[in-house]
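Inspection log for the structure reproduced underneath, given as C-alpha cells.
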Amino acid sequence: MNTTIASDRTSEQCHADLLVHGGTVLTPNGQERIDVACRAGRIVALGDLRRRWTAEETLNASGLHVLPGVIDSQVHFREPGLTHKEDLDSGTRGAVLGGVTAVFEMPNTKPLTLSAADIKSKVDGALGRAWCDFAFYIGGSSVNAEQLGSLENLPGCAGVKVFMGSSFGDLLADDETVLRRILHHGRRRLAVHAEDEARLRERRAIVNASGDICQHPVWRDEASALIATERIVRLAGEANRRLHVLHVSTAEEMALLARHKRRVTVEVTPHHLTLCAPDCYERLGSLAQMNPPVRDQRHRDALWQAIGDGVVDVIGSDHAPHTREEKASPYPQSPSGMTGVQTLLPLMLHHVHGRRLSLERLVDLTSAGPARIFGLEGKGRIALGFDADLTLVDLAARRTIRNDWIASRSGWTPYDGETVIGWPIHTVVRGHTVVQDETLVGQPRGEPVGFLEA
Ligand code: DOR
C-alpha cells in the first residue's frame, strides 16, 4: 500500500532536510514501501516522494527496514560520580550505534538523583554531549517522598524510580510506610525494581558461604521477586497509582501481573530473554551477574510467553556497566549489572530472525510501547508530525558482536563472540543522521524527551 499524505503541495514546501527512500517502513498501518521526508526534526511527508521532493540529505534505505526510533526505557549511564564505568557521552554513543534514539537514565548515580538540582545537572550535562534524546528518573526515597509530586514533573524527568531491594548504589525504599508516602505523592507511572530486601538479607549467607556465582539466582530467588512485586502491586492499587515493574524475571510474577494489566505495565530485558541459568554463569561467571538474576529455562520461556500474550509492554536494556576489573572481584563482592544498550536491538532482531516475535511486535515493545505507557510527546511512531527518530535495520545482516564494538567505557558485553542476524545500519535522531553505515557521524544533539503528562 502506498499512502501519499504530504499535505503541503507547493514546490517550495516539497523540500526536506532528509529524505529516506526505498525502504520498508514500519508505520501504524504495517510494513509499507514508502519514502519518509523529514524537516525541522519532524516527519513531514510519507509516500512515493522521490519525484516531487528534494532534500539536503538522502538516505538510501533499499533493502532495509525503517523502524520508529528505538526507545530504551532503562539505562544506567553513571554520570555523575561513576564515570570510570560510563558517562553520558559514551553511554549515548553506544545507544545510537545500537539503533537507540532515546534513553531513560536511572538515579543510582553518585550523588543519587533525588532533587531538582540533581535532575537539572544531569540535563545540563547531557546537552551538547548526548547523541540521543534522554530523560532522567528521579529516585523515590524517604528523604524526598513529599516532594515527588513536583519533582516528577521537572523538564527532562522520566518519572520516579524506586528500588525495593538493594542492588547497586544506596537507593533503597523497602519500608511499607515509605513506599506508601512515595505512592501518595505524584501521579505519573511509578517505576520499580521489585526484589524483597528483607528476604535478600536473610538469604545472603547462602552466597557468602559458597562464593559460587551459580548461586546468584538461588540467593535472589523467585520468591524475593514475587514478594516485592505482590507488595508494590497491592500498595499501588491502594494508592490508585499506575505502576511500571522493571526487568520482570519470573514466571510467577508474570502470572500475577497478567491479572493487573489495567494499572500495571511490564518491562523485560533482552538479557532475561536471551541468557539462561546455569549455562550463562558457567560460561561467563560474574559477567552474567545482574539483579534480578538471569534465571533458568522455565522462567525464560514464561517471559517469552508473556511477550506473546501481550503482558509485556516494553523492552528495556537495564544497561548497567561495571569495569572488567570490578567484575573480577570474587563473587558476591563483584557488582551486578551488564552492558546492554548497544546490544538490545541486535539481540531482539536476532530473535525476530529466529521467529520468537514479529518485527511489528518488536516495534510495539521498543517504540509504540514506551510512547503509550509513559506518554511521550511526538515519539514512538512513524507518522506525520512525529519526531523524525528512525532506526534503519538490515534484517539479513550477519554480524559477530565483539567487545571492541562496544562504546561503553566498561568496554565489554556478555555477547562477545556471538553471531546475530539483524543489525542496525543507520540511526536518525530528530532528522539528524547520527549513525551512517554503522559509523558515528554528525554531532551529539540529544534533547530532553517531552512527556504529555508532565
Ligand atoms: O544488576 C543491576 N545493576 N541491577 C540493578 O538494579 C542496578 C544495576 C546497576 O546499577 O549496576
Side-chain angles (χ1 to χ4, degrees), residues 72-88 90-91 94 103-113 122 136-141 158 160-174 190-197 200 204 207 213 216-217 219-220 224-225 228-229 232 244-250 253 267-275 277 280-281 284-295 316-329 331-341 343-344 408-410 412-414:
D72 185 346
S73 43
Q74 193 185 174
V75 302
H76 301 260
F77 281 169
R78 310 300 194 199
E79 182 176 331
L82 299 158
T83 51
H84 64 289
K85 298 174 195 275
E86 196 71 287
D87 64 27
L88 291 165
S90 57
V103 292
F104 298 176
E105 205 267 346
M106 286 296 169
N108 58 336
T109 44
K110 231 176 173 172
L112 301 172
T113 316
K122 280 194 168 181
F136 298 102
Y137 274 105
I138 186 123
S141 97
V160 178
K161 156 82 182 278
V162 166
F163 280 91
M164 294 175 75
S166 47
S167 185
F168 175 75
D170 301 325
L171 196 55
L172 182 64
D174 58 336
L190 182 104
V192 62
H193 176 131
E195 287 186 286
D196 184 65
E197 181 65 14
L200 296 182
R204 168 92 185 195
V207 286
I213 182 67
H216 192 56
W219 165 33
R220 305 179 82 110
S224 307
T229 298
I232 198 69
H244 181 60
V245 187
L246 299 159
H247 42 44
V248 175
S249 64
T250 68
E253 287 171 285
E267 185 164 318
V268 295
T269 77
H271 298 317
H272 291 101
L273 291 169
T274 307
L275 301 174
C280 66
Y281 300 107
L284 299 164
S286 65
L287 294 184
Q289 178 190 338
M290 70 176 293
N291 301 327
V294 173
R295 305 188 192 278
S317 71
D318 194 10
H319 176 83
H322 301 283
T323 65
R324 272 182 275 212
E325 296 68 40
E326 290 164 339
K327 278 293 207 179
S329 298
Y331 179 79
Q333 283 82 47
S334 45
S336 293
M338 319 178 215
T339 60
V341 69
T343 47
L344 180 157
S408 170
R409 285 194 160 219
S410 66
W412 64 274
T413 162

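All ligand and atom numbering here is 1-based and tracks the order in the structure.
Using the six-membered ring where Trp is involved, Tyr137 and Phe104 have ring planes that are perpendicular, over 60° apart on the 30 and 60° scheme.
Put simply, the side chain of Glu105 gets close to the backbone of Phe77: a donor and an acceptor are under 3.5 Å apart.
Atom numbering of ligand 1 starts at 1 in the shown order; those under 4.0 Å from a heavy atom of His322 are 11 (O). Near Ala320, the atoms of ligand 1 lying under 4.0 angstrom from a non-hydrogen atom of the residue are 3 (N), 8 (C), 9 (C), 11 (O). The distance from ligand 1 to the heavy atoms of Phe163 drops below 4.0 Å at these ligand atoms: 6 (O). Short contacts between ligand 1 and Met290, defined as distances under 4.0 Å to a heavy atom of the residue, involve ligand atoms 1 (O).
Under 4.0 Å from ligand 1, the heavy atoms of His193 that appear belong solely to its side chain.
Neither side chain, Glu86 nor Ser410, offers a donor N or O lying under 3.5 Å from an acceptor on the other. Residues Lys85 and Thr323 have side chains that never bring a donor and an acceptor to within less than 3.5 angstrom of each other. Between the side chains of His216 and Asn291, at least one donor-acceptor pair of N or O atoms lies under 3.5 Å. Residues His271 and Asp318 have side chains that never bring a donor and an acceptor to within less than 3.5 angstrom of each other.
Atom 4 (N) of ligand 1 has Asn291 O, 2.9 Å as its closest protein atom, hydrogens excluded (heavy atom only). Ranking protein heavy atoms by distance to atom 7 (C) of ligand 1, first place goes to Ser167 OG, 3.3 Å.
In summary, the aromatic rings of Phe168 and His322 are positioned with their centroids under 6.0 Å apart.
Taking only nitrogen or oxygen atoms, main chain and side chain alike, Ser336 reaches within less than 3.5 Å of ligand 1.
For Arg78, the heavy-atom gap to ligand 1 drops under 4.0 angstrom.
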